[in-house]
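Encoded as C-alpha cells, the structure appears first; notes follow it.
A note on names: the letters A, B, ... follow the listed sequences, proteins ahead of strands, and every chain is numbered from 1.
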2 protein chains.
Amino acid sequence: MIAAPEKNNEIIEANDQISSNHLKLIDATIETIAARGLADTTIAHVAKKAGVSQGYANFKFKSKENLLLSSLQYLSDEYKSSWQSIFEEKNLDPIDRILRILDNDFSEKIANRNKISVWMAFYSEVKFRPSYLNICQHQDEIYSNQMEKLIKELNHLTKQTNFTPKEISESYHSMVDGLWQRILFDPKIYTNQFCRNIVLKYFKSIYVDEKRFS
Amino acid sequence: MIAAPEKNNEIIEANDQISSNHLKLIDATIETIAARGLADTTIAHVAKKAGVSQGYANFKFKSKENLLLSSLQYLSDEYKSSWQSIFEEKNLDPIDRILRILDNDFSEKIANRNKISVWMAFYSEVKFRPSYLNICQHQDEIYSNQMEKLIKELNHLTKQTNFTPKEISESYHSMVDGLWQRILFDPKIYTNQFCRNIVLKYFKSIYVDEKRFS
DNA sequence: AGTTTTGTATTGAATAATCATTCAATATGG
DNA sequence: CCATATTGAATGATTATTCAATACAAAACT
C-alpha cells in the first residue's frame with residue numbers, strides 16, 4: 001500500500017498535499033447530493049455549502065465531473081478502510097469476523113440514508129460513465145474475494161456442500177446491497193437493526209448449528 | 001380493481017383512450033433512459049426517437065416530469081402484471097409457484113440491462129421525488145405480502161421456525177434487488193442464469209429436503 | 001521596521017451552451 | 001370549412017466554465 005503508489009493521478013493531484021479546501025469541497029459535494037440528489041447538484045450549491053466561490057470549485061477540480069469522481073472515490077475509500085481493518089484484524093474467529101463485517105455493513109456510519117443515496121446516485125449512472133464503475137468495481141472484487149475466503153473457513157459447519165463459498169459470498173453481498181436500497185425506500189420498516197437481523201437469519205439458515213448467528 | 005377506479009389521474013389521462021403517440025413516447029423515454037441515462041435524457045432526444053416533434057411531446061404530457069412519471073408507471077405496471085398472473089394461477093403447488101416467480105424475476109423480459117438501468121435511475125431519485133416512490137411502493141407492498149403468504153404455505157418444510165415468512169420474503173426481495181444491481185455492474189459474471197441459481201441455492205439452504213430447489 | 005515586489009489563492013461577473021416550455025402557424029381529416 | 005393534431009422556431013431559465021480583477025502573504029529590498 002505504501003510502497004506501491006496508487007495511480008489515481010487523474011482524480012486527485014497528490015495524497016500528500018490535499019488542501020483543506022479540497023476536502024471541504026468533497027464533503028460539500030456528498031452532502032449536496034444527499035440533500036438534493038445528483039440531478040439537482042450544481043457547482044454553485046456545492047461551492048456555497050463549502051464556503052468558497054463557484055469559480056474556485058471549478059478551478060480546483062478542473063470540472064464538475066472531476067469533482068463528482070473525486071467524491072465517489074472518497075466514499076469508496078472510506079468504505080474500503082472500514083472493512084479492510086476487520087479483515088486484517090488478528091486472532092479473530094471466522095464467525096466473529098463475519099459478525100463484525102455484518103455490524104459494519106449496517107452501522108450508522110456506513111448504512112445511513114445520506115450515504116446510501118449518494119451511492120445509489122452514482123450506481124444508477126454506472127452504465128453510462130465507465131469511470132464511475134472503475135472506482136467501485138476493483139474494491140468490490142477485493143471485498144468479495146476476502147469474504148469468500150472467510151466463508152471457506154466455515155465449510156465444515158454446514159452440510160450444504162453445493163452452496164459454494166463464492167455463491168454464499170455473492171448472495172450475502174447482493175442481499176446487503178438490496179437492503180441498503182430498501183433503507184432508502186422505507187426507513188421506518190428497514191431500520192439498520194431490522195436489516196442486520198435479516199442477514200443474520202440468512203446465515204443461521206446456512207450454518208444451522210452455530211449459536212452465535214441466533 | 002375494476003370496481004374501484006385507480007386515482008392516477010394526474011399521470012395518464014384515461015386508460016380507455018391512450019393514443020398510439022402516447023405509447024410511442026413512453027417507449028422512447030424508456031429506451032432513451034436506458035441508452036443515455038436519466039441525466040442525459042432530454043425531451044428532444046425522446047421526441048426524436050418517438051418520431052414526433054419536441055413541442056408535441058411536451059404538449060401531450062404537459063411537462064417532462066410528467067412524461068418520466070408516466071414511463072415509470074408503465075414499467076411498474078408491466079412488472080406487476082407479470083408476477084400478478086403467477087400469483088393468480090390456479091392449481092399450482094407452492095414450490096412450483098415460487099420457482100415460477102424466480103424465473104420471472106430473472107427472465108430476459110424483466111431482468112435485462114436496459115430495464116434495470118431505468119429502474120435504478122428512478123430509484124436513485126426516490127428520496128427527492130416522493131411521486132417516484134408512490135408509484136413503486138404500493139405495488140412493492142402487495143408483492144411482498146403475496147410472497148409472504150406463499151412462503152407461509154411452506155412452513156412445514158423447514159425446521160427453522162425463527163426465520164419467519166416475512167423475513168424470508170424480505171430477504172428474497174432484497175437479494176433480487178441486489179442481484180439486479182449487479183447485472184448492471186458486471187453482466188459477464190452476473191448472467192440471469194447465474195443470479196437465478198444463487199437465489200435457488202438460497203431457497204435450498206432453507207428448505208433442505210425439497211429436491212426441486214436443487 | 002517599513003515599503004515594495006512578486007507569486008499564488010480566490011473571487012465573481014461575463015460567457016456560452018443546453019434545454020424545458022410556449023405558442024403562433026400549419027397540416028390533416030371529417 | 002371547421003376542429004383537432006402537430007409542428008418547430010422563439011423564449012427564458014439554468015448552469016458549467018472561463019478569466020480578468022483582486023486579495024493575500026511571503027520575500028526582497030531599503
**Prompt:** Are the side chain of A:Trp180 and the backbone of A:Asp105 linked by a donor-acceptor contact shorter than 3.5 Å?
**Reply:**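 Side chain of A:Trp180 to backbone of A:Asp105: a pair is present.
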**Asked** Short question: side chain of A:Ser71, backbone of A:Leu67 - any donor-acceptor pair under 3.5 Å?
**Response**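 Checked: pair present.
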Would you mind reading off the distance between [X] atom [atom1] and [N] atom [atom2], rounded to a whole angstrom?
X       : N      : atom1 : atom2 : result
B:Lys60 : D:dT4  : NZ    : C1'   : 10 Å
A:Gln54 : C:dA14 : CD    : P     : 13 Å
B:Ile43 : D:dT7  : CD1   : P     : 14 Å
A:Asp40 : C:dA20 : CG    : P     : 13 Å
B:Leu68 : C:dA20 : CG    : C1'   : 12 Å
A:Leu25 : C:dT11 : CG    : P     : 10 Å
B:Lys64 : D:dA13 : NZ    : C1'   : 14 Å
B:Leu67 : C:dC19 : CG    : P     : 15 Å

**Message:** If you compare every side-chain N and O of B:Asn21 against the phosphate oxygens of D:dA5 (OP1, OP2), does one of them come in below 4.0 Å?
**Reply:**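 No.
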**Request:** Return the orientation label for the B:Phe87 and B:Tyr143 ring planes: parallel under 30°, perpendicular over 60°, tilted otherwise.
**Result:**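 Aromatic pair B:Phe87/B:Tyr143 classed perpendicular.
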**Request:** Specify whether B:Trp83 and B:Tyr79 have parallel, tilted or perpendicular ring planes, treating 30° as the upper limit for parallel and 60° as the lower limit for perpendicular.
**Result:**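 Taking B:Tyr79 first and then B:Trp83, their aromatic rings stand perpendicular (interplane angle over 60°).
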Consider the side chain of [X], meaning its heavy atoms from C-beta on, and name the nucleotide among [options] that approaches it most closely.
X       : options                : answer
A:Ser53 : C:dT22, D:dA16, C:dT11 : C:dT11
B:Asn58 : D:dT7, D:dT18, C:dT21  : C:dT21
B:Thr42 : C:dT11, C:dT21, C:dC19 : C:dC19

**Asked** Any idea which heavy atoms bring A:Asp177 and B:Gly178 closest together, and the distance?
**Response**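 Looks like CB-CA, 4.1 Å.
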**Message:** For a quick check under 3.5 Å, do B:Ser171 and B:Tyr202 share a side-chain donor-acceptor pair by atom type?
**Reply:**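 Side chains of B:Ser171 and B:Tyr202: pair found under 3.5 Å.
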**Message:** Distance alone, cut at 3.5 Å: any donor-acceptor contact between the side chains of B:Asn58 and B:Gln54?
**Reply:**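 Their side chains do not contain a donor-acceptor pair, so the 3.5 Å distance test is not met.
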**Prompt:** Between A:Glu78 and A:Lys115, is there a side-chain N and carboxylate O pair less than 4.0 Å apart?
**Reply:**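 Yes.
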**Axis-to-axis angle between the two ends of the helix from C:dA1-D:dT30 to C:dG30-D:dC1 (five base pairs per end, rounded to 10 degrees)** =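 Both end axes considered, the difference amounts to 10°.
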**Asked** Can the ring centroids of B:Tyr172 and B:Phe203 be said to lie less than 6.0 angstrom from one another?
**Response**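 Between B:Tyr172 and B:Phe203, the centre distance is under 6.0 Å.
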**Message:** Base contacts versus sugar-phosphate-only contacts with protein, heavy atoms under 4.0 Å: please encode nucleotides 23-30 of chain C as B, S and - from 5' to 3'.
**Reply:** --------
